Structure formats: structure tokens, C-alpha cells
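The first residue in the sequence is number 1, and the count goes up from there. The structure displayed is predicted, hence computed values, not measured ones.
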Amino acid sequence: MGIGAGIAKLLAAAGASVVVNYASSKEGADRVVSEIAEHGGKAFAAQGDVSKPDDVKHLFEDVVREFGGLDVLVNNAGVYSLCPLESVTEAEFHRQYNTNVLGTLLATQEAVKLFGEKGGSIINIGTAGTPNPGPAMVLYLSAKGLIDIVTQVLANELGPKKIRVTCSA
């Protein structure tokens with residue numbers, strides 16, 4: 001079970017209605033939704049690549065259609081690969097930064113629109129690896145390090161709008 005599946009199950013067990021987003025593994029998302037339903041929870045799976053603005057907009061339209069609104073966003077989508085400096089490519093840079101950083105920003109923009117005046121909560125998923133980085137992790141850890149900064153900036157920016165922004169590593 002991955003981190004996202006675990007988070008979805010815990011939130012559902014606490015009574016939340018959950019959207020299980022997937023970029024490519026419908027089977028995995030459907031399995032999580034089934035497990036949530038088996039335990040009396042409410043969930044649905046929605047396809048969308050968070051690195052693509054149109055996909056993110058459609059994903060949040062699905063949320064509104066299914067549940068009528070949004071209270072909590074967990075930015076868990078992420079990609080990872082070991083990549084020593086000499087093998088960094090533009091394609092791999094964009095794959096990791098577009099999903100790990102841009103995806104967080106795009107999803108947050110859409111969530112803020114849905115929170116409205118009532119506010120809400122955004123939980124970004126970082127990594128415990130940034131304080132003690134190892135070799136071959138320049139792309140992943142730099143992207144996840146940005147999530148720490150994004151969280152701090154948005155906590156200050158969105159706090160006055162009753163939107164709490166935190167990061168779990």
C-alpha cells in the first residue's frame with residue numbers, strides 16, 4: 001500500500017468522503033475505493049495527471065459533481081527516480097518538477113476556488129530526505145524541498161482566508 005492509499009483509507013475511516021486520484025493505474029485506485037466501501041466509507045476514483053492544467057480542472061469538476069464541494073486537499077501525487085547529476089535530462093527534470101511541484105500548485109489553485117469563504121485545509125506531502133540528502137537524488141529532493149517552501153509561502157498567503165496549509169514529511 002502506498003502513502004496515498006493509506007491516507008485515503010484513514011480519511012475515509014474518519015468519516016471523510018474521498019476522491020482517489022490516479023494518473024495511470026485505474027486498477028489500483030479502484031482497489032482502494034473498494035476497500036473504503038467495504039468498510040462503510042464513501043469514495044470514488046478519478047483519473048487526472050496533476051501536471052496538466054486541464055486534467056486538474058476536470059478532476060475538481062468531478063469532485064464537485066460527486067460531493068458538492070471540498071474541505072481538504074491532500075497533495076500526494078509524486079514521482080521519484082534516482083538520477084545522478086551526469087544522467088539528469090530535461091525530460092526527467094520536467095517529469096519530476098511538473099508532477100511534484102507544478103501539480104501541487106495547480107491542485108491548490110483549484111482547491112482554493114472550492115473552499116470559498118468557509119476555508120479549508122491543504123496537506124502537502126514532502127519527504128524526510130531533504131535534511132540529509134544522499135547522492136543521485138538531486139531532482140527528487142530539490143523538487144520536494146520546494147514543497148517545503150511552497151507550504152510556508154502558502155500558509156502565510158492563504159491563512160487569512162481560513163485555509164490551513166501544512167506539510168507532512
Side-chain angles (χ1 to χ4, degrees), residues 1-81 91-116 118-129 139-140 143-151 154-155 158 163-169:
M1 174 171 72
I3 293 171
I7 292 169
K9 291 174 187 179
L10 285 171
L11 288 172
S17 298
V18 179
V19 178
V20 179
N21 169 241
Y22 66 95
S24 59
S25 179
K26 181 173 178 11
E27 180 181 307
D30 286 344
R31 187 171 45 253
V32 172
V33 168
S34 292
E35 290 177 29
I36 289 170
E38 287 171 13
H39 290 93
K42 186 174 179 183
F44 81 97
Q47 195 281 330
D49 180 339
V50 297
S51 71
K52 297 178 180 174
D54 287 342
D55 280 17
V56 174
K57 285 182 182 167
H58 291 122
L59 175 62
F60 281 82
E61 289 168 358
D62 289 345
V63 170
V64 171
R65 187 185 68 251
E66 249 342 273
F67 296 134
L70 182 71
D71 297 311
V72 177
L73 169 68
V74 178
N75 280 313
N76 179 66
V79 293
Y80 168 88
S81 69
E92 184 59 19
F93 173 90
H94 285 293
R95 183 180 84 88
Q96 290 198 40
Y97 272 71
N98 288 359
T99 299
N100 298 339
V101 181
L102 180 60
T104 295
L105 293 172
L106 294 173
T108 298
Q109 285 176 326
E110 293 301 317
V112 168
K113 292 175 191 175
L114 295 182
F115 289 154
K118 70 179 174 19
S121 182
I122 298 167
I123 304 164
N124 295 325
I125 304 300
T127 181
L139 291 180
Y140 177 72
K144 283 300 191 171
L146 282 175
I147 296 304
D148 294 339
I149 300 301
V150 165
T151 299
L154 293 180
L158 300 175
I163 300 171
R164 177 181 36 248
V165 184
T166 60
C167 184
S168 179

| Between K57 and D54, does at least one N-O distance fall below 4.0 Å, as a salt bridge requires? |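 No, no charged N to carboxylate O under 4.0 Å.
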Reported [atom1]-to-[atom2] distance for the pair [X] and [Y], which is rounded to 0.5 angstrom:
X   : Y    : atom1 : atom2 : value
E66 : S17  : CD    : OG    : 9.5 Å
N98 : L106 : CG    : CG    : 9.0 Å
R31 : Y22  : CZ    : OH    : 13.0 Å
L59 : K52  : CG    : NZ    : 13.5 Å
Q47 : S25  : CD    : OG    : 11.0 Å

| said: Applying side-chain contact (heavy atoms from CB on, under 4.5 Å) to K42 and I36, what does each step give before you reach the verdict? | reply: CA-CA 7 Å; K42 186 174 179 183; I36 289 170; 6.0 Å; no
Nearest atoms (heavy-atom pairs only) where [X] meets [Y]:
X    : Y    : answer
A8   : V32  : CB-CG1, 4.2 Å
E35  : H39  : O-ND1, 2.8 Å
Y97  : L146 : CE2-CD1, 3.5 Å
N100 : A77  : OD1-O, 4.1 Å
D30  : A45  : OD1-CB, 3.6 Å

| Results of side-chain contact (heavy atoms from CB on, under 4.5 Å) for I125 - residues two or more places apart only |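 Applying side-chain contact (heavy atoms from CB on, under 4.5 Å) to I125 gives I7, V74, N76, I123, S168.
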| message | Restricting to side-chain contact (heavy atoms from CB on, under 4.5 Å), what partner residues turn up for V63, sequence neighbours left out? | response |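 For V63, the residues satisfying side-chain contact (heavy atoms from CB on, under 4.5 Å) (neighbours in sequence not counted) are V19, L70.
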| query | Taking the side chain as C-beta and beyond, is there a heavy-atom pair between D62 and F44 under 4.5 Å? | reply |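 With C-beta onward as the side chain, the pair touches.
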| Residue pair D71 / K118, side-chain heavy-atom distance below 4.5 Å |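 Yes. Closest side-chain heavy atoms under 4.5 Å.
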| request: For the pair D49 (side chain) and A23 (backbone), establish whether a donor and an acceptor sit closer than 3.5 Å, ignoring hydrogens and angles. | output: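 It does not hold such a pair.
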| message | Any side-chain to backbone donor/acceptor pair from D148 onto G126? Under 3.5 Å, distance only. | response |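 No: the side chain of D148 does not pair with the backbone of G126.
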| side-chain contact (heavy atoms from CB on, under 4.5 Å), paired with I122, selected from T151, T166, L158, V72 |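 Only one option passes, and that is L158.
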| C167 and side-chain contact (heavy atoms from CB on, under 4.5 Å): which partner among I147, I149, V150? |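 So, applying the side-chain contact (heavy atoms from CB on, under 4.5 Å) to C167 and each of I147, I149, V150, only I147 qualifies.
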| query | Between D55 and V50, does a side-chain contact (heavy atoms from CB on, under 4.5 Å) hold up when you go through it step by step? | reply | CA-CA 7 Å; D55 280 17; V50 297; over 6 Å; no
| task | Walk me through it: do Y80 and T127 pass the test side-chain contact (heavy atoms from CB on, under 4.5 Å)? | result | CA-CA 11 Å; Y80 168 88; T127 181; over 6 Å; no
| said: My understanding is that only residues two or more places apart in sequence, or in another chain, count here; which of them pass side-chain hydrogen bond (donor to acceptor under 3.5 Å, both in side chains) with K113? | reply: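 If we apply the side-chain hydrogen bond (donor to acceptor under 3.5 Å, both in side chains) test to K113, skipping adjacent residues, the hits are E110.
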| With distance as the sole criterion, is a donor-acceptor pair present between the side chains of N124 and T104 under 3.5 Å? |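 Side-chain D/A pair, N124 to T104: absent.
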